[in-house]
Amino acid sequence: MHIRGDHAELVVGGRLDVRSAADARTVLHSAVDDGVGDLVLDLSELDSWDATGLGVIMGAHRRAGRCGRRLVLRDVPPQMQRLLVATRLHRILAIEGGIGVDTLPRV
């Protein structure tokens, strides 16, 4: 897993899972704490996430809210969009451009 960027926009790539969760949490929390306004997470390079990785995203979302910021997901891969819809988290998280539930490919 890799994360690059600053306190306004981060690109997350690789696998966000139980092995990378602690490092990702540290980077996301620092970005939230050090910035103002929206924090954009570009997920275009993300290969996969598991429940732990999704928990890291939700934790960063809650922390951003407490800091008066908003976490915004950008370029969420279709597989991960389906998981957000299945868990109904697409209703809670800010997703740039939204998720076209009707346009998601079926598995």
Side-chain angles (χ1 to χ4, degrees):
M1 190 243 1
H2 66 271
I3 300 177
R4 66 178 188 278
D6 57 24
H7 58 271
E9 183 174 340
L10 297 171
V11 178
V12 182
R15 298 173 53 102
L16 183 54
D17 56 19
V18 69
R19 284 188 226 162
S20 59
D23 292 336
R25 185 178 298 111
T26 300
V27 172
L28 291 175
H29 286 189
S30 291
V32 167
D33 294 345
D34 294 341
V36 295
D38 288 352
L39 172 60
V40 176
L41 287 187
D42 182 328
L43 303 181
S44 60
E45 297 178 14
L46 191 63
D47 298 325
S48 64
W49 60 18
D50 65 6
T52 306
L54 189 53
V56 169
I57 298 289
M58 290 306 299
H61 164 77
R62 285 188 299 273
R63 188 179 191 104
R66 287 192 304 268
C67 292
R69 298 187 73 187
R70 187 174 71 135
L71 185 73
V72 179
L73 304 183
R74 174 184 290 159
D75 292 331
V76 181
Q79 175 185 354
M80 285 157 250
Q81 288 183 21
R82 285 191 296 276
L83 181 59
L84 292 175
V85 170
T87 57
R88 296 189 175 167
L89 292 174
H90 71 291
R91 296 179 178 183
I92 297 169
L93 294 167
I95 301 169
E96 192 174 80
I99 291 182
V101 177
D102 296 334
T103 61
L104 289 178
R106 301 217 185 264
V107 185

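Here the closest non-hydrogen pair linking G14 and L46 is O-CD1, 3.3 Å. Contact detail for R70 and A94: the closest heavy-atom pair is NH1-CB, 3.9 Å.
Side-chain contact between D34 and D6 is absent, with no heavy-atom pair separated by less than 4.5 Å. A heavy-atom distance below 4.5 Å is found between the side chains of L89 and M58. When side chains are defined from C-beta on, L16 does not count as touching L43, because their heavy atoms never get closer than 4.5 Å. By the 4.5 Å heavy-atom criterion applied to side chains, L71 and I57 are counted as neighbours. The side-chain heavy atoms of V12 and W49, taken from C-beta on, include no pair separated by under 4.5 Å. In this structure the side chain of H2 reaches within 4.5 angstrom of the side chain of E45, judged on heavy atoms.
From L54, atom CG reaches atom CG of L93 across 7.5 Å, with rounding to the nearest 0.5 Å. Taking OG1 from T52 and CZ from R19, the interatomic distance works out to 11.5 Å, rounded to the nearest 0.5 Å. R74 contributes atom CZ, which lies 10.0 Å from atom CG of D38 (distance to the nearest 0.5 angstrom). In this structure, the separation between CD1 on I3 and OG on S20 is 7.5 Å, given to the nearest 0.5 Å. The structure places CD1 of I95 at 12.5 Å from CE of M80, a figure rounded to the nearest 0.5 Å.
Within the 3.5 Å criterion, the main-chain N or O of E9 finds no donor-acceptor partner in the side chain of D42. Looking at Q81, its side chain does come within 3.5 Å of a backbone N or O of V76 through a donor-acceptor pair.
Under a hydrophobic-cluster definition in which Ile, Leu, Val, Met, Phe, Trp and Tyr are linked whenever side-chain heavy atoms come within less than 4.5 Å, directly or via other members, V27 and V18 are assigned to different clusters. Under a hydrophobic-cluster definition in which Ile, Leu, Val, Met, Phe, Trp and Tyr are linked whenever side-chain heavy atoms come within less than 4.5 Å, directly or via other members, V72 and L10 are assigned to different clusters. Side-chain heavy atoms closer than 4.5 Å link hydrophobic residues (I, L, V, M, F, W, Y) into clusters, and following such links, possibly through other members, connects L73 to M1.
Salt-bridge annotation for R15 and D50: absent, with no side-chain N of the basic residue lying under 4.0 Å from a carboxylate O of the acidic one.
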Verdict with reasoning, R63 to D33, per side chain to side chain contact (heavy atoms under 4.5 Å, CB included): CA-CA 8 Å; R63 188 179 191 104; D33 294 345; 2.8 Å; yes
